[in-house]
Amino acid sequence: MSDKKLTPRASDFSAWYNETVLRAELADYSPVRGCMVIRPNGYGIWERMQRALDDMFKATGHRNAYFPLFIPESFLHKEAQHVEGFAPEAAVVTHGGGKKLEEPLVVRPTSETIIYSMFAKWVQSYRDLPILINQWANVVRWEMRTRLFLRTLEFLWQEGHTAHATHDEAEAEARQMLQVYRTFMEEWIAMPVVTGLKSESEKFAGALRTYSCEAMMQDNKALQAGTSHNLGQNFAKAFELTFQGESGATEYAWNTSWGASTRMIGGLVMTHGDDNGVRIPPKLAPTEVVIVPIWKSDEERSQLLEAAYNVKASLTSWGGRGDDRIRVHVDAREGMKPGAKYYEWELQGVPVRLEIGPRDLAAGTCMSARRDTRAKAPLAMSNLPESIAALLTTIQGDMLREARERREANSVREPISYDRFKELMEGEGAFVYAGWNGDPAIEAKVKEETKATIRCLPMDEFLPDGPAARCMVTGEPAKHTVIWARAY
RNA sequence: CGGGACGUAGCGCAGUCCGGUAGCGCACCUGAAUGGGGUUCAGGGGGUCGCGGGUUCAAAUCCCGCCGUCCCGACCA
């Protein structure tokens, strides 16, 4: 590494972000423009995200399945809005086995069409419903401009797809999964989100309603971190997904779909990173504790290494967290000074570092250092697992609190003039809660003039007498409270 | 597809104006000392200078063509 300091975040957030992702070895550029290689450091975080989300999906009755990467091009065309939304960014396979294909195959940008075509075969009666499926997969969207983790041509995600007998059941499902995402993002990523309904112009191509989780990054821009759609009967009608109801009549099913991707790793970095690298919340950290033994002589070296591995054993064998054992790594590398190791692990975001040297050995202690605050404190060896577990819990909570406080400090809930709004959006940025008269033309005008978009109509809070009372732009009585922000 | 910049060792760059032995920092390898916040010294390996053509005794450098990448815009349910 040529430079010892990272680019100061304040001067150029994008440059800081790229450098942090590359130097923390989360990802790298691939030979294909816009595609990304996720390195073991980054994939370790993804694996923990997958496991946590998968458990939550199972707990809400969903099962995993797998559908094909290739979708007949005609499938995409069966739902009018859907094809309009996705055709421009589709990657299309025209040749296979050395021959031109009779019908081109689209590399899935999302799997609604292929999945609901299958659902149609599986459902006859209302007794076959609901179908609650999730798929872990990679998808391809040919974006013009890409960014590590946030917008790549190919990305990893999960997409849930369900079919229900009634509108209300589908609506309840879409909202339930939105809450699952919120819980995951707050409790695991320590990334607070605002949840709400998307405007017509921002909703999923083919959906009745789209809900999203919106997080605020450290440059005060919004990141859409997860979405949940009530698809109504749009796809059921396109793919003849029908069933016979209790009354004997044939009805179209109601679908939902919901997704979250490796984009969340980008969100994690932009929420918690600092000038020393990334900070990973303990629950998502592949390694929660790194032990750095410190020695001078060969004699001390074997002593300290033994002590370090003993500490590791005491932590990993501790059952105070049930099956979720503390994840510990001993950095036994030689020829590297302790300070150099500290910087490296801080760059990679390991939440807690333990330093063990001859002085500690004699005193029956070790030195702990928190990654989030960089605070150091001696800990007694006698009850180390308990104190480490408590420290990890504290860090997880503090990171969420810090992120929430930062977001609140940069949210505007009082009514502001449109001029002040423009100033904000061109300057430091913010989440601005404001009234909107519901007119798409106003939404387009604001986007044109400020690049800010309606992130959502928030469900978190209802502000009948606050910003919602009047439309920020026209001053006439407002129909909705919305959150405006510039977004990734 | 428009506007701008760049392409030289794994990474980051200098050298190009004004042609003359392929350089620097980091990383890597060997040895010794060092080791509680980015060690030091000594030695070493590694590059068809994006590709193709032209000018020249001689091209990373000048000329022509191509390719690629990045940034700004357009695009991003």
Side-chain angles (χ1 to χ4, degrees), chain A residues 1-7 12 14-15 18-19 22-23 25 28-35 76 79-90 109-110 112 139 141-148 150-153 155 159 198-212 222-224 227-229 231 234 257-259 263 276-277 291-301 304 331-347 353-363 365-369 374 376 378 447-448 451 453-454 456 486-488:
Chain A
M1 292 168 200
S2 50
D3 301 311
K4 291 187 175 178
K5 302 280 180 198
L6 292 172
T7 308
D12 187 343
S14 291
N18 270 314
E19 205 178 333
L22 293 172
R23 286 189 49 195
E25 297 183 358
D28 202 353
Y29 295 105
S30 82
V32 178
R33 185 200 73 87
C35 292
L76 223 53
E79 213 287 332
Q81 292 172 42
H82 194 64
V83 66
E84 197 182 317
F86 285 105
E89 56 189 46
T110 178
E112 275 77 6
V139 293
R141 297 179 187 183
W142 215 266
E143 305 288 357
M144 286 171 171
R145 227 162 136 185
T146 61
R147 209 150 139 53
L148 292 169
L150 301 187
R151 184 169 292 108
T152 48
L153 295 195
F155 57 93
E159 46 180 326
K198 282 290 190 188
S199 69
E200 279 299 300
S201 70
E202 295 272 328
K203 78 175 187 188
F204 178 80
L208 203 60
R209 280 187 287 279
T210 291
Y211 299 100
S212 74
L223 183 75
Q224 180 177 304
T227 51
S228 183
H229 317 288
L231 301 173
N234 293 342
S257 69
W258 26 276
R263 180 177 240 216
N276 298 303
I291 300 173
V292 180
I294 297 153
W295 65 79
K296 288 180 182 144
S297 61
D298 274 355
E299 188 190 348
E300 277 180 356
R301 179 177 161 270
L304 267 304
D331 188 348
R333 285 177 295 178
E334 296 184 47
M336 198 174 173
K337 289 183 84 167
K341 294 182 179 178
Y342 301 166
Y343 277 93
E344 191 177 304
W345 292 112
E346 282 175 7
L347 180 60
R353 180 180 74 243
L354 286 183
E355 307 166 11
I356 305 179
R359 295 207 296 268
D360 300 294
L361 217 51
T365 63
C366 60
M367 185 61 79
S368 70
R374 303 230 298 165
K376 288 172 82 159
K447 182 176 182 179
E448 169 71 24
K451 290 187 187 169
T453 50
I454 293 177
C456 66
R486 285 167 85 159
Y488 279 101

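Every chain is numbered from 1 and lettered A, B, ... according to where its sequence line falls, protein lines coming before strand lines. From a predicted model like this one, the values you see are computed outputs, not experimental measurements.
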ask   = Can you tell me how far P in B:rC13 sits from the matching atom in B:rU8, rounded to whole Å?
value = 9 Å
message = Any side-chain to backbone donor/acceptor pair from A:K341 onto A:D331? Under 3.5 Å, distance only.
response = yes
query = Within the structure shown, what part of the strands sits under 4.0 Å from A:E143 by heavy-atom distance: base, sugar-phosphate, or nothing?
reply = sugar-phosphate
message = Among B:rC76, B:rG35, B:rG37, which nucleotide has an atom closest to any side-chain atom of A:R374?
response = B:rG37
query = Donor-acceptor pair under 3.5 Å: do we get one between A:E346's side chain and the base of B:rG37?
reply = yes
For atom CD of A:E344 and atom P of B:rG35, their distance in whole Å = 21 Å
ask   = For residues A:E299 and A:S297, is any side-chain donor paired with an opposing acceptor at under 3.5 Å?
value = no
request  = For A:T227, report the nucleic acid contact type (base, sugar-phosphate, nothing); a contact means any heavy atom under 4.0 Å.
outcome  = nothing
ask   = With both distances under 3.5 angstrom, what nucleotide forms a Watson-Crick or G-U wobble pair with B:rU61?
value = none
query = Would A:K198 and A:F204 count as a side chain to side chain contact (heavy atoms under 4.5 Å, CB included) if you check the C-alpha gap in whole Å, the side-chain angles of each, and the deciding distance to 0.1 Å?
reply = CA-CA 9 Å; A:K198 282 290 190 188; A:F204 178 80; over 6 Å; no
message = Regarding B:rG37, can its base be found pairing with the side chain of A:K376 as donor and acceptor, where the two atoms are less than 3.5 Å apart?
response = yes
ask   = Rounding to a whole Å, what distance do you find between A:R147:CZ and B:rC70:P?
value = 13 Å
remark   = Here the distance between atom C1' of B:rA33 and atom NZ of A:K296, to the nearest Å, is 15 Å
Interatomic distance at P, B:rG12 relative to B:rA27, whole Å = 15 Å
note = Taking for A:W295 and for A:K447 the nucleotide of RNA chain B with the nearest heavy atom, the one nearer the 5' end belongs to A:W295
key: Same-atom distance (P) from B:rA32 to B:rG23, integer angstrom   = 30 Å
note = A:I291 atom CD1 is separated from B:rG36 atom P, nearest whole Å, by 18 Å
ask   = The side chain of A:P338 lies closest to which of these nucleotides: B:rG36, B:rG37, B:rU69?
value = B:rG36
task = Return the minimal non-hydrogen interatomic distance between A:F86 and A:A205, and the atom names on each side.
result = CE1-CB, 4.3 Å
ask   = Which whole number of Å gives the distance between the P atom of B:rG20 and that of B:rU30?
value = 38 Å
inquiry  = Taking pairing as Watson-Crick or G-U wobble with both contacts under 3.5 Å, can you name the mate of B:rC17, or confirm there isn't one?
reply    = none
task = Please tell me which of the listed nucleotides, B:rU39, B:rC76, B:rG36, lies nearest to the side chain of A:E355?
result = B:rG36
note = Here the distance between atom C1' of B:rC76 and atom CZ of A:R486, to the nearest Å, is 15 Å
task = Using the C1' atom on both, measure B:rG46 against B:rA9 and round to a whole Å.
result = 6 Å
Nearest-angstrom distance, P atom, B:rA22 to B:rG43 = 23 Å
Atom pair distance, as rounded to whole Å: OH in A:Y343 and P in B:rG36 = 12 Å
query = With no hydrogens and no angle check, do the side chains of A:S257 and A:E112 hold a donor and an acceptor under 3.5 Å apart?
reply = yes
note = Between the CG atom in A:L231 and the NE2 atom in A:H82, the distance rounded to the nearest 0.5 Å is 9.0 Å
Report all interatomic pairs (protein N or O, nucleotide N or O of nucleotides 42-44 of chain B) with separations under 3.5 Å.
none

ask   = Which nucleotide in the set B:rG73, B:rG37, B:rC75 lies at the smallest distance from any side-chain heavy atom of A:M144?
value = B:rC75
inquiry  = Looking at B:rG10, which nucleotide sits across from it as a Watson-Crick or G-U wobble partner, both distances under 3.5 angstrom, or is there none?
reply    = B:rC26
key: Which residue lies more 5' along RNA chain B, comparing A:R353 with A:Y488 via nearest heavy atoms   = A:R353
message = Students often get this wrong, so: under 4.0 angstrom with heavy atoms, is A:G85 touching a base, only sugar-phosphate, or nothing?
response = nothing
task = Tell me which nucleotide among B:rG37, B:rC70, B:rG36 gets nearest to the side chain of A:R33.
result = B:rC70
inquiry  = Students often get this wrong, so: under 4.0 angstrom with heavy atoms, is A:P88 touching a base, only sugar-phosphate, or nothing?
reply    = nothing
query = Atom CD of A:E334 to atom P of B:rA32: distance rounded to whole Å?
reply = 12 Å
request  = Inspect the surroundings of NZ in A:K296 and state if more than 12 heavy atoms from other residues, nucleotides or ligands are less than 6.0 Å away.
outcome  = no
key: Counterpart base for B:rU55, defined by Watson-Crick or G-U wobble contacts under 3.5 Å   = none
request  = Just call it for A:G206: base, sugar-phosphate, or nothing, with non-hydrogen atoms closer than 4.0 Å on any strand.
outcome  = nothing
task = For residues A:A487 and A:T453, report the shortest heavy-atom separation together with the two atoms involved.
result = CB-OG1, 4.4 Å
Same-atom distance (P) from B:rC63 to B:rA5, integer angstrom = 15 Å
note = Partner of B:rC49 under the Watson-Crick or G-U wobble criteria, both distances under 3.5 Å, comes out as none
remark   = Closest of B:rG37, B:rC76, B:rU69 to the A:R151 side chain is B:rC76
ask   = With both distances kept under 3.5 Å, what pairs with B:rC70, Watson-Crick or G-U wobble?
value = B:rG4
inquiry  = What verdict does the side chain to side chain contact (heavy atoms under 4.5 Å, CB included) test give for A:L22 and A:D28, after you've listed the backbone C-alpha separation in whole Å, the side-chain angles of each residue and the deciding distance to 0.1 Å?
reply    = CA-CA 6 Å; A:L22 293 172; A:D28 202 353; 3.8 Å; yes
task = Tell me, please, whether A:F155 has A:R263 positioned over its six-membered ring: NZ or CZ under 6.0 Å from the ring centre and within 45 degrees of its axis?
result = no
B:rU34: pairing nucleotide in any strand, Watson-Crick or G-U under 3.5 angstrom = none
ask   = Which listed nucleotide (B:rG36, B:rC76, B:rG73) is nearest to the side chain of A:K451?
value = B:rG73
ask   = Are any of A:K337's side-chain N or O atoms less than 4.0 Å away from OP1 or OP2 of B:rG36?
value = yes
task = Using a heavy-atom cut-off of under 4.0 Å over every strand shown, decide if A:Y29 touches base, sugar-phosphate, or nothing.
result = nothing
query = With rounding to whole Å, what would you report as the distance between B:rG45 and B:rC66 at their P atoms?
reply = 41 Å
ask   = Are any of the side-chain heavy atoms of A:I294 and A:E300 separated by less than 4.5 Å?
value = no
key: Value in whole Å for how far the C1' atom of B:rG36 lies from CG of A:D331   = 15 Å
